[in-house]
Structure formats: C-alpha cells, structure tokens
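These notes concern the structure reproduced below.
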Amino acid sequence: MKIATFNINGIKARIEALPRWLAAANPDVVALQEIKSVDEAFPRALFEDLGWHVETHGQKSFNGVAILSRLPLEDVTRGLPGDPEDEQARWIEATVIGPARAVRLCGLYLPNGNPVEFDADGRPMATGKYGYKLGWMARMQARAAALLASEEPVVMAGDYNIIPQDEDAARPEVWRQDALALPESRAAFRSILNLGYTEAFRARVQGPGHYSFWDYQAGAWERNNGIRIDHLLLSPQAADLMTGCSIDKSVRGEEKPSDHVPVWIDLQA
DNA sequence: ATGTCAGGGTATCCCTGA
C-alpha cells in the first residue's frame, strides 16, 4: 500500500498537475492539504472517473484537506477533536482497506503559526496564530495517543509546518525565530513522536539536504533553499510494515507546481 | 527575508495567507 501526502496549494490551480502526478506515481492513497475549496466545489467527478474514492473536508478560501484512494475507505471522520469552536478544516481520518491489512489514515494540515509575538525577554508568547498552533498540536497529541491505544496500523500524514531539526533546512539560521522551527514547536512535535510514533523518512534516510517545500519567492527552488515540513508518522504496527519512503522532489520542477512536493511510504498492507 | 502564488471580493487591483 503506497500512501502519499501532498500539499497541493489549491485544487483549482493544480487541476492538471495533480492528475499528472497521480498517473506517474501511482499511489494507492493520497492525503491532500490546502485544497482551498469547499466540498461542493471540489472536482470530485474528475477524480472518481479516474478510479479514485474521494473524501473531502473543505472550507472557503483557505486550508481544506482531502483523501483520494483507490482502495475502499471506511469510517471517515472530519475535524480534529478537542475544540468545538475550531472551524478550520485541517484534519480528516479514514480507514483504508488494504489487501492484507486495514490502516487508519489521518490527513492533516498543521497550522503555520506565524507571525509569532515575543515578550520583552525575547521569548515567544503562546498568543494569536502561534498560540493556535501550539493548542492545535496539544489536541493532535491527544488524538495521536488515543489512536495508539487501538494497536492498529496508524499513519498520520500531512503538512506539519514543522522543521524537525536544523538539518531539515537549507538555511537553518533564517528560521530560528519562525513558528516552523522555534524550540517550543519542535518540542511539541517530539512529544507526539515520543508517544511511540516513527517519523517515516528519518527512519530510512539520514543526513541533510532533503526538503519537501521550496518557497515561490526569491528563487528558492533554483537555489535549493528548501525545508522539510511534510511528514508521515507511523504507529509501531505501521512502522513494522514499512518497506519504503521517499520524496518526489522532481515534481517541484514541473509545470505550474505547488510549493510542496509529495512524500510517500510503502507499507506491506 | 522576500525576486511569488493562490483565492476572493467586487474586479480589472487590493487584501489575506503562506
């Protein structure tokens, strides 16, 4: 079972590039982020005609997540539990029925968190967008813990907006005060890992120079000024099934690309 | 850190978000 995550930065803008990549990469399941569309406006029929089951959790203008799957999906849920006031569409779950095993897949778009406000001592304050990010991550940790208790294969795939370590940025010094790399952000990410999750890419590939996002601005792609912020976290039962993990870097150089590229794993499931 | 995109409003540009 090949599972990918791909922040497409707008389904309307990627209406050609996404089907092109699906045909070339041939994943079984894809978690999409930033569809930037309400459910009714998502081009569902286009993908259904290509053989995909389509489940969306959209909103107007911003955010929005979806799952495309060639395998049957069951028990789809939308929204991250823990705050009924939260109206941002950033979380979707479904059980993917693989030929050998069922896998619980969470597709997520973790809040960016910028701009960060700092106090007089230069410490980041948990207010505004950064406060929302940290609060969202605490809720995600609770959900991640509940999912572990099922002792089933669980995959949490998406745009985490977290640069886990300095080696995951071409220019780490630029990100020191940024919500994607602040110590508090990294600590919240590690707290989720420390529940017992495995970060798929780092379980298989070591060293710097591996990125999943290059800004549209300032020639970031041409200069390979990237960051690695798209991740797949695996429960122990899922990690035991992993046979591969890679980043489809070349997608960034194709016509009308997203600023993110797909990251994928292969599971014996 | 800004040489860019994307979406939406009310539009032939301005704003937000990243």
Side-chain angles (χ1 to χ4, degrees), chain A residues 5-21 31-44 46 56-66 80 86-91 107-118 122 124 127-137 140 157-164 166 168-182 185-186 188-189 211-231 249-263:
Chain A
T5 176
F6 191 3
N7 181 324
I8 55 173
N9 191 11
I11 185 59
K12 295 178 196 72
R14 232 55 66 200
I15 201 67
E16 292 181 5
L18 178 56
R20 189 196 314 141
W21 171 75
L32 299 176
Q33 301 86 41
E34 286 205 88
I35 63 171
K36 295 186 175 179
S37 161
V38 293
D39 295 333
E40 306 77 59
F42 192 90
R44 160 182 295 274
L46 185 152
T56 61
H57 180 38
Q59 75 176 79
K60 199 173 175 179
S61 302
F62 306 116
N63 309 321
V65 289
L80 179 64
D86 185 1
E87 305 207 325
Q88 300 192 30
R90 296 177 174 276
W91 185 271
L108 66 113
Y109 177 44
L110 205 148
N112 177 295
N114 287 303
V116 181
E117 300 175 287
F118 295 89
T127 54
K129 293 192 171 184
Y130 193 53
Y132 176 67
K133 177 176 194 151
L134 295 176
W136 200 96
M137 292 185 80
M140 179 177 168
D159 176 358
Y160 279 72
N161 270 313
I162 293 285
I163 301 167
D166 278 1
D168 299 308
R171 298 172 57 191
E173 68 283 356
V174 167
W175 299 93
R176 286 273 135 71
Q177 303 285 89
D178 192 284
L180 276 60
L182 279 168
S185 302
R186 288 177 168 176
F189 181 70
Y211 313 125
S212 66
F213 169 93
W214 294 260
D215 201 300
Y216 288 122
Q217 300 184 68
W221 167 247
E222 289 74 11
R223 295 163 190 257
N224 196 26
N225 178 16
I227 53 177
R228 198 176 67 88
I229 56 176
D230 299 273
H231 311 299
K249 178 177 182 179
S250 66
V251 171
R252 186 65 176 79
E254 295 178 5
E255 194 171 341
K256 209 166 190 302
S258 170
D259 41 7
H260 296 250
V261 297
V263 185

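Each chain gets a letter, A, B and so on, in the order its sequence line appears, and its residues count up from 1. Quick caveat, the model's predicted, so the values are computed rather than measured.
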Between [N] and [M], how many Å separate the two [atom1] atoms, rounded to a whole number?
N	M	atom1	result
dA6(B)	dA11(B)	C1'	16 Å
dT10(B)	dT4(B)	P	27 Å
dG8(B)	dT12(B)	C1'	14 Å
dA18(B)	dA1(B)	C1'	14 Å

Of all the choices, [options], which nucleotide is nearest to the side chain of [X] once you look at every atom?
X	options	value
Trp175(A)	dA1(B), dT16(B), dA18(B)	dA1(B)
Ala218(A)	dG7(B), dT4(B), dG3(B)	dG3(B)
Ser61(A)	dA1(B), dG7(B), dG8(B)	dG8(B)
Val174(A)	dT2(B), dA1(B), dA6(B)	dA1(B)
Lys60(A)	dT4(B), dG8(B), dA1(B)	dG8(B)
Lys256(A)	dA6(B), dG8(B), dA18(B)	dA6(B)
Ala13(A)	dG7(B), dA18(B), dA1(B)	dG7(B)
Lys36(A)	dG7(B), dA1(B), dA18(B)	dG7(B)

Spacing between [X] atom [atom1] and [N] atom [atom2], to the nearest angstrom:
X	N	atom1	atom2	value
Asn63(A)	dT16(B)	CG	C1'	12 Å
Tyr216(A)	dG7(B)	OH	P	9 Å
Asn225(A)	dG3(B)	CG	P	14 Å
Asp259(A)	dC5(B)	CG	C1'	7 Å
Ile227(A)	dA1(B)	CD1	P	13 Å
Ile162(A)	dA18(B)	CD1	P	14 Å
Trp221(A)	dA1(B)	CH2	C1'	20 Å
Phe42(A)	dG7(B)	CZ	C1'	16 Å

If you find the nucleotide of DNA chain B closest to Arg14(A) and the one closest to Phe213(A), which residue's nucleotide is nearer the 5' end?
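The residue closer to the strand's 5' end, by nearest nucleotide, is Arg14(A).
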Return whichever of Gln88(A) or Ser37(A) has its heavy-atom-nearest nucleotide of DNA chain B closer to the 5' end.
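Result: Ser37(A).
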Heavy-atom pair with the smallest gap, counting every atom of Ile15(A) and Pro43(A):
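Answer, listing the atom of Ile15(A) first, then Pro43(A): CD1-CG, 3.5 Å.
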Would you indicate what Tyr109(A) reaches in the nucleic acid, counting non-hydrogen atoms under 4.0 angstrom: base, sugar-phosphate, or nothing?
sugar-phosphate
Does the side chain of Arg223(A) get closer than 4.0 angstrom to OP1 or OP2 of dG3(B) through an N or O atom?
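No.
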Does dA18(B) have OP1 or OP2 under 4.0 Å away from a side-chain N or O of Lys129(A)?
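Result: yes.
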Working to the nearest 0.5 angstrom, can you tell me the gap between Gln59(A) CD and Ile35(A) CD1?
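Between atom CD of Gln59(A) and atom CD1 of Ile35(A) there are 9.0 Å.
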Around atom CD of Glu173(A), are there more than 12 heavy atoms of other residues, nucleotides or ligands at under 6.0 Å?
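Check passes, neighbour count above 12.
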Any carboxylate oxygen within less than 4.0 angstrom of a Lys/Arg side-chain nitrogen, looking at Arg223(A) and Asp215(A)?
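No, no charged N to carboxylate O under 4.0 Å.
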Are the side chains of Phe189(A) and Leu110(A) in touch, meaning some heavy atoms are under 4.5 Å apart?
no
Looking only at side chains, do Lys129(A) and Asn114(A) share a donor and an acceptor under 3.5 Å apart?
no
